Every structure is written in structure tokens, then in C-alpha cells.
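No experiment lies behind these values; they were computed from the predicted model shown.
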Amino acid sequence: MPELSSAQFINDENAGESQDPSLLLFGTIEELENISVADVPGDNEGFELKELTYECVDTIELRALLFDVKAKLYSSSNEEKVVGFSAEVGPELVSVEYYPGGEIIPGHDNLITGFYPKVERYRNYSDGSRIGPDVFYDFGSPIRLKVSYPYELNTELGKPSANYDIVSVAVLDYDFGTGDLITVYDFENGVYTARSEGYIKYNLNTRVIDEHGNVFTGEDFYPIYVEDNWNEYCSGKKDRFPQFIGNFYGVVEETMKYIPSLLIDMEDIESYEIMNIGRDVRDVSPNPFPRDVQNLNPGYYYADVIDVGKQYALLSKYMYGTEFCPFLPGSRCDFPLQYLVIDGRIIHFDNLMDGYEGIGNINPKFNVSKVNDGYVLTSELEAHIYGEKFKSTHKLHLIGVDGPVDEFDYLDYGHLQNDDKNELDNLTRGNNAQMNEIKSFPRNDKNKVVIDRRLPVSISNIKTR
């Protein structure tokens, strides 16, 4: 930038004795006070500057002052002339710096752990001044790190569901206890923690005979064996975080994308100008930020990154060797990612997540311990989010209850037994009208027996007994 050591004219148009609209630029007030008659707008040959008065009437882009100036001039013949003009006094803005950050606050009252983003901007001027920070805040957003469980067991309590989901056999009552309002959030030894507990009550007097003749009862239904690679029923991870990095305009998955959060009202001229002071100067941040090529409205844009990890099978003795679905808890990381549009640039928070391991590398640690009334299955999950350490602990209490005797016999499942034979025999009896139809009779176990009751044409008119 050029040195502002002398007056610079924006408009060299003479506007008469009382007022000259020319605007003079000065780097300091001392330069204004030490101008010569040659710097005064207009044809002032033969005059000398005797007196200079000025009054500040406005500010310009938070960097300069606007003065109304009056210069009193005298000629050698004592002719007096007063020239009025405007003067801008102050350095030029030469560069800006941006520092995204924020504050993580542990959960309190009815709130969970939250991240409150902010961006600090510093302005550098031609006189060596570094002004700031200008601070721009966004709304706060929750951060969730946890082992997720199904919302419900899809069954009537104590009995298998319609699709014979054996997970629910012997279950009398349950509450996974993973809701935000009942989770305890804290900050301990530099770690943001979340603790939750749940339970499942099992009827120890449940007895199951499977189709192979194996008998299961009592603690056989407790899901206390953990496998991390069960079979195709375990869903794969959905690591969405990398898809958000640098993808400020696109859709990540279905409707998942950055949406407006806290924007600046474009009709608020003063705020809009402040948000765009540095549009035409250099970005000298440690890692300069990209230009906004779509001319978005200044303000914050927000995305809810939901990374869902692979599922883990919690198996019982009864569940081993079956094709049915076991308990499938999985890791889950849910946090905000945002950027600020300011000075025509996208001030993103991507670099602050450099320590985030990614859902594919965040795996729960499981531990099973015996207690008086059953078992406690403890799962722990750890991750680094916005440079801070998070830890989530969930305890699932498997409780044995001395309930009523409840027996399920699947020994006949999938085989043709006496009852099925009687059903087939009954289907061979009926009148001729019935014989000319195809009937479908569903079985209680959802298998279907379909009988074509039509007779061959050669004997269709013969009466049957």
C-alpha cells in the first residue's frame, strides 16, 4: 500500500469559496494539521494559510475519521477567503486474519454438552495497527457420543414377537436409559463425560426347546457374549464426517447439508458493512480461507454430522448358532460442524476437527461383570471432538426375576407333525363347489400350506365320499 504522507485528492473539483466537496486523505491527524496552502482544494495562488479548523462528523469502515475542515486564507492584499472541504484521516486496511474456535460447556440443568462456535477476526492497517478481535458467535449445538441401543424390544413382554425375534424371549421389562434428559453429563479430569444406565428384566423360569431339541432356561437368555463381527445382519458404519469437509454447498446424504443458522440481516446496512470490511484485502490467517463463490448471505451455516458406527452383537447361549437377530448396539457420534461467511470468505471449522478419529476407528469397549441379581454389561466409548476428549459410559443391568413358568416348544417347528396331517385330511373333504377353488390356509407359525383342490378333468364329475 502507498504511504499516506501527503494529501491525496479524490475529487479535484473547485466548489467555490464556502464549500469544496473534494475529499483529502491523510494518514494521521498531524498530517492534516500540517497541510500547506497547496494542499487546500481550489486555485489559491497568492494566498497563505492562516488558520485551520476541523470537526469530526463520521467514521469510515471502523478505520478512519471523516472531518469537515475549514481553511482560512489571506492574500498579500489582506483579502480573506474561507475554503471548506472534507478530510479522511486514518490508515488503510491492508489485511485480515481469522481464528475459528468456540467453547464447550458441560451439560447442566436439562441441557447436554454443547459447543458454542465463534470466529475472531483481526484487522491489520497500514500504520502497523492490529485491531481486534471482532467476534462473531453462532447458536450453540449439542455434542453426543454414546453407545446406542434399540428404542424398544419389538415384542409382547415375555413372549417372542410375531417374527420370532428370540432376543425378546424371557424379557419381562426393560428401559435402556439412553435418553438425553436422564444421562448425567460432567467434566472430569479434563474429559467431557456422559453416563447412563438401563436394565432388562428376564424371567428365569422361562424354558425354550428349540427345533433341534436343545433346552434353554434361566441365565441362558442373558446377552453377555459380545462379538464385533457377527454376520450380514450387522449394519456397516456410516462415516459422514469426511463428506462434509470442504463440501460447503453440496448435499452429503439425502437432505443432510449445511443450512442457515445465524445470519446477518442484509437490510441492516451497518452490520452488513462490518461483516464485509475485509472483502478486498488479503487474508493472512495461518491457513487462509476459501472464497465464497456462491455469494451467500453473511452469517453462520450449520450441519449436524451424525456418524453411526458398526453394530456389535450381544449374544446369549440361546442366541448362538441362530439366524435370528441378536442385540445390536452401535457407536454413535453426533456433533455440529459449521462455517461463517464473512468478507466474502468461508471461515470453516474443519481444521479444528483434525483430532477426530472418525467413526470407523471409534469402537466401544465392553465388559461383563457378575452381580447378585444377574450381570452388568458396561460399554465405554472415547473420542476427540474439537480438540477435547469425550467419554461415554453406559451400564446395562441384566436382572433375573423368579417369574411364572413360561415354556416355548419349537421342536415341531418346520416339520410335518400329526396336527398338520389332520389339517391336510380335512382339506380333502367338502362339496364340489369348494373343490373347484384354490384355498390358502395360513399356519400360526407363518408357514403356509397351499392345496389345489381341483380334480382331474377325467374324474371331475364323479361323486366322492
Side-chain angles (χ1 to χ4, degrees), residues 1-97 121-134 264-284 291-292 295 298 342-345:
M1 298 296 293
E3 293 292 334
L4 300 181
S5 57
S6 61
Q8 300 180 46
F9 293 105
I10 299 300
N11 184 358
D12 192 25
E13 184 177 318
N14 191 353
E17 192 172 271
S18 60
Q19 178 65 39
D20 192 305
S22 300
L23 177 64
L24 277 63
L25 305 182
F26 299 92
T28 65
I29 194 68
E30 288 79 9
E31 292 180 10
L32 171 61
E33 292 177 338
N34 290 288
I35 65 172
S36 66
V37 68
D39 298 322
V40 178
D43 183 7
N44 301 311
E45 187 177 353
F47 284 82
E48 293 183 1
L49 177 60
K50 293 297 185 179
E51 183 180 324
L52 187 74
T53 59
Y54 52 83
E55 178 185 6
C56 181
V57 294
D58 203 353
T59 59
I60 301 176
E61 294 181 338
L62 300 180
R63 64 167 181 80
L65 300 177
L66 182 63
F67 288 90
D68 280 347
V69 184
K70 290 184 178 181
K72 188 174 291 188
L73 309 178
Y74 289 90
S75 68
S76 57
S77 60
N78 289 326
E79 179 185 353
E80 179 181 314
K81 180 170 68 171
V82 177
V83 178
F85 59 92
S86 297
E88 179 183 313
V89 179
E92 290 294 320
L93 178 64
V94 295
S95 64
V96 286
E97 306 166 50
R121 178 181 66 184
Y122 289 85
R123 310 189 309 276
N124 300 308
Y125 294 90
S126 57
D127 65 350
S129 300
R130 185 173 185 263
I131 306 299
D134 305 324
I264 297 299
D265 184 359
M266 297 184 69
E267 295 183 359
D268 183 351
I269 303 301
E270 181 178 359
S271 297
Y272 187 81
E273 289 179 349
I274 290 174
M275 296 285 284
N276 288 282
I277 286 176
R279 177 181 289 272
D280 299 321
V281 299
R282 291 185 300 129
D283 175 9
V284 294
R291 285 285 180 180
D292 167 29
N295 295 319
I342 184 175
D343 297 330
R345 299 182 178 94

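Side chains of N44 and K81 form a contact here, defined as non-hydrogen atoms less than 4.5 Å apart. Side chains of L23 and L66 form a contact here, defined as non-hydrogen atoms less than 4.5 Å apart. Side-chain contact between R279 and E273 is absent, with no heavy-atom pair separated by less than 4.5 Å.
How far CD of E88 is from CG of L65: 9.0 Å, rounded to the nearest 0.5 Å. Taking CD1 of I277 as the start and CD1 of I342 as the end, the distance is 8.5 Å to the nearest 0.5 Å.
Listed here is the closest heavy atom pair of Y74 and E80: OH-OE1, 3.0 Å. Heavy atoms only, all atoms of each residue included: I264 and S271 are closest at CG2-CB, 3.9 Å. Here the shortest heavy-atom pairing between S86 and D68 reads OG-OD1, 3.9 Å. When all heavy atoms are compared, the tightest approach of V37 to L73 is CG2-CD2, 4.1 Å. Minimum interatomic distance between A87 and L32 (heavy atoms only, all atoms of both residues): CB-CD1, 4.1 Å. Summarising the geometry of G132 relative to Y122, their closest heavy-atom pair is C-CE2, 3.6 Å, with the distance given to 0.1 Å.
When the salt bridge (charged side-chain N to carboxylate O under 4.0 Å, His left out) test is applied to R130, the partners found at least two apart in sequence or on another chain are E97. Not counting sequence neighbours, the partners of D127 by the side-chain contact (heavy atoms from CB on, under 4.5 Å) test are P91, Y125, S129. Looking at residues two or more places apart in sequence or on another chain, you find a salt bridge (charged side-chain N to carboxylate O under 4.0 Å, His left out) between D134 and R121, R123. Applying the side-chain contact (heavy atoms from CB on, under 4.5 Å) rule to S77 yields the partners S75, E79; only residues at least two apart in sequence or on another chain are considered. By the side-chain hydrogen bond (donor to acceptor under 3.5 Å, both in side chains) test, T59 is found to be paired with no residue, residues two or more places apart in sequence or in another chain being considered.
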Could you give the side-chain donor-acceptor pairs of residues 45-58 under 3.5 Å, partners two or more places apart or in another chain?
from, atom 1, to, atom 2, distance (Å)
E48, OE1, K50, NZ, 3.4
Y54, OH, E33, OE2, 2.4

